Protein chains: 2
Amino acid sequence: MAARLDEIARQAGVSKATVSRVLNERPGVSPRARSAVLTAMDVLGYERPNGLRPRSSGLVGLITAELQNPVFPFFAQVIETGLARHGYTAVLCTQTPEGAGEDEYVGMLLDRGVSGILFVSGLHADTTIDHSRYRGLRRQRLPIVFVNGDIPGLGVPCVSCDDVTAGRIAARHLVELGHRRIGFLSGPLRYSTVQRRLAGFRASLRELGLGHDTDDLVELSPFDVEGGQSAASLLVQRGATALVCGSDLMALGAVRAVRRHGLRVPEDVSVVGADDSPLMSFTDPPLTTVRQPVQAMGVAAVRALLDEIKGRPARAAEYLFQPELVVRASTRARWASHDRNAPPEPVL
Amino acid sequence: MAARLDEIARQAGVSKATVSRVLNERPGVSPRARSAVLTAMDVLGYERPNGLRPRSSGLVGLITAELQNPVFPFFAQVIETGLARHGYTAVLCTQTPEGAGEDEYVGMLLDRGVSGILFVSGLHADTTIDHSRYRGLRRQRLPIVFVNGDIPGLGVPCVSCDDVTAGRIAARHLVELGHRRIGFLSGPLRYSTVQRRLAGFRASLRELGLGHDTDDLVELSPFDVEGGQSAASLLVQRGATALVCGSDLMALGAVRAVRRHGLRVPEDVSVVGADDSPLMSFTDPPLTTVRQPVQAMGVAAVRALLDEIKGRPARAAEYLFQPELVVRASTRARWASHDRNAPPEPVL
DNA sequence: AATATTGCCGCAATTTCCTGCAACGCATTC
DNA sequence: GAATGCGTTGCAGGAAATTGCGGCAATATT
């Protein structure tokens, strides 16, 4: 039995040096020789090293955390449309608690020879998870881009919403409305986006001289309606008159919790959501929320990935997109008896 | 009986040291040796320890129309969870107007060697589209299942919501509330689900002696919020006091249209949605809607597909799932002056 | 038309890294 | 507690892959 390179070389009618050059994508190989080698490999049944596989007509993996939160389908839609406009096809892989994990999906996508992978709020946003897996992908020269969750030092482009600013915006809005006891509820602290948002929230309150008032008004729970409801319930019991929520879904749960306590939104308790997912203008009450510029972020993520694929890697910075306060009807001014400079009633 | 490592090593033609390295995912093992070991393990019937399971098998395509309507992500989630529970991985392919078409996705999935394809409200539900493509798939013995949109005569299992009944339920509910001029708005008539729902709606009204009242109260428009709004606007102008909508999204648009006309929901105009997508209990007003049993349907679709894959094709009937009226707060009784038997005010 | 230039390929030296042997660690059993 | 069986790991031999360099052919240049 001949050695592998030798065997391929003989089948292709070239020397094993040429085969080696093809496999390592070195320069100095004619297209004719290259295709001869590749064909020989196929004929002999050798698996092509990743990167030389017929990168199937522009297939791109899109890995996302879940679909429950409407912001994720929204992201998926935007990204998919953007990719389609450039001739790429998105394969959406969503993770479920009991379903396939991210690693399995990545393996599958690699097997399928995707041109690149987009990670939207996946494991990369979890700071407690080992990130060596991404280093491995990087080493394989697989173009990847993160959305909402940078991992510095990996050289992977990342498109994020500026969560620190988002936290500040929410805090400032409520303080301007006269609130003093402002609760913060969000998902598990292991997510970098939660950490950042909380940091911005706290920094903003400290600057406004309210830091000590809200030290005990932070509750973290799962990222869904029920989590928001239970966290909000605790915060309301502790006297919070306003709630900053980690997602719109949690905000809806918070509204429900407030009402279960016999209070009204926004008359008694103000609620601020996050993301401005679709349909949030249809809720009761229409939700004041900190919009994440999903459209722009999706387009930017697609552009970054295409740059990576095309071989002109942009500098691997984190592109921060600015969130924006969308004032609807779940927040209202609060008259504080001790506050002489109470803000005016908001225009509805 | 030899020891395990030894046995595998002999079968694979390597030393037990190499086998050990493969099982522990240690570096320094050639791909060839690795695959030899893995194959040997399969041959000898040993279970692969960790994430070394073959994932290429057990890939299932899931083709869906869009992600805007929250019911589709919901379907995707349910189906994906169900597939994962049986060791299959779902690849979600969503169609966008300018994006990749269903045919492209099918081609891609075939290239990838999927075990089967699930079509959720795809082209198969469009009666104006040529269905020979599915015949082709069928001829290739590819297991496929339709959700919401049967094509009789193809022998493809289909899991649907009973749209005729859904139309009847909505109509009956509104008639019982005293409404007489009931509008119907939905998506393009080329979708079989629209046809059926309209048929059920009309049949029910006819049976109740109201057929002639609503002949001119049907408006078809695109399947989104804006479509619902424009259709509802026309119907309200024509004096409709209740609206049956083809989707929850359209219903939300309808609510908006009613309010643009200076009327209230449900006091002046009642609105009934369709599907009971997630979040519909949080809308303003909470939407009365005809629930589609997504969970049950998803599970049934997965089961049907697995049966097809396993080679015991169930009889290719259309499995009809019964919808269910979910009464929330977007419908209310209407006192008709000429109606002596006006129904009582509904309990809220 | 002769020659310079460029780029491609093969030989062979060199390097890398796979592999098996055998020793070692660890648990189970007598 | 010793023996035994099983899995792991350090090490060295060696095969396989990489790469520098020279040759060769095709094309451009004068």
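All heavy atoms count here, side chains included; hydrogens, waters and symmetry mates do not. Given the structure is predicted, the values throughout are model-derived calculations rather than measurements. Protein chains get the first letters and strands the later ones, always in sequence-line order, with residue 1 at the start of each.
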Chemist: By the definition ring-ring contact (aromatic ring centres under 6.0 Å, His included), identify the one residue from B:Phe75, B:Tyr105, B:Tyr134 that meets it with B:Phe119.
Modeler: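 Result: among B:Phe75, B:Tyr105, B:Tyr134, B:Tyr134 is the only option passing the ring-ring contact (aromatic ring centres under 6.0 Å, His included) with B:Phe119.
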Chemist: How close or far is atom C1' of C:dG7 from atom CZ of A:Arg34, stated in whole angstroms?
Modeler: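 Between C1' of C:dG7 and CZ of A:Arg34: 14 Å.
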Chemist: Got a salt bridge between A:Arg190 and A:Asp126, using NZ or NE/NH1/NH2 to carboxylate O under 4.0 Å?
Modeler: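 Answer for the salt bridge query: yes.
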Chemist: Expressed as a whole number of angstroms, how long is the span from B:Ile8:CD1 to D:dC6:P?
Modeler: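 Rounded to whole Å, this separation is 12 Å.
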Chemist: OP1 or OP2 of D:dA17 less than 4.0 angstrom from a side-chain nitrogen or oxygen of A:Asn24, does that happen here?
Modeler: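 Looking at the OP1 and OP2 atoms of D:dA17, neither is under 4.0 Å from any side-chain N or O of A:Asn24.
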Chemist: Under 4.0 Å between a side-chain N or O of B:Thr18 and OP1 or OP2 of C:dC18?
Modeler: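 Negative; the distance criterion is not met.
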Chemist: Please classify the nucleic acid contact of B:Val29 as base, sugar-phosphate, or nothing, using heavy-atom distances under 4.0 Å.
Modeler: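 Counting heavy atoms under 4.0 Å across all strands, the contact made by B:Val29 is with sugar-phosphate only.
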Chemist: Tell me: CZ of A:Arg32 to P of C:dC9, nearest whole Å?
Modeler: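 It works out to 7 Å between those atoms.
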Chemist: For the pair made of CG in A:Leu23 and P in D:dA17, what is the distance, rounded to whole Å?
Modeler: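 It is 9 Å, rounded to the nearest whole Å.
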Chemist: Give me the one residue out of A:Arg197, A:Gln292, A:Gln195 that meets side-chain hydrogen bond (donor to acceptor under 3.5 Å, both in side chains) with A:Asp163.
Modeler: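 With A:Asp163 as partner, side-chain hydrogen bond (donor to acceptor under 3.5 Å, both in side chains) holds for just one option, A:Arg197.
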Chemist: In this structure, how many angstroms lie between the C1' atom of D:dG7 and the CD atom of B:Glu7, rounded?
Modeler: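 Atom-to-atom, B:Glu7 to D:dG7, this comes out as 15 Å.
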Chemist: Round to a whole Å and report the spacing from CZ of A:Arg21 to C1' of C:dG10.
Modeler: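 Spelled out: CZ on A:Arg21 to C1' on C:dG10 is 8 Å.
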Chemist: Could you check how far NZ of A:Lys16 sits from C1' of D:dT19, rounded to whole Å?
Modeler: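 Value for this atom pair: 12 Å.
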Chemist: How do B:Ser30 and A:Val14 order along DNA chain C: which one's closest nucleotide is nearer the 5' end?
Modeler: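 Between the two, 5'-proximity favours A:Val14.
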Chemist: Report the distance from atom CG of A:Leu5 to atom C1' of D:dA17, rounded to the nearest whole Å.
Modeler: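 Answer to the nearest Å: 6 Å.
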Chemist: Can you name the nearest heavy-atom pair linking A:Cys161 to A:Met297, along with the distance?
Modeler: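 Minimum heavy-atom contact is N-CE, 3.4 Å.
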Chemist: Which residue lies toward the 5' end of DNA chain C, A:Ala17 or A:Pro31, if each is placed at its nearest nucleotide?
Modeler: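 The 5'-side residue here is A:Pro31.
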Chemist: For the pair A:Glu7 and B:Arg32, find out whether any cationic side-chain nitrogen is under 4.0 Å from an anionic carboxylate oxygen.
Modeler: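 Looking at A:Glu7 and B:Arg32, the cut-off is not met.
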Chemist: Using a 4.0 Å heavy-atom cut-off across all strands, classify B:Arg26 as base, sugar-phosphate, or nothing.
Modeler: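 The residue B:Arg26 makes sugar-phosphate contact but no base contact.
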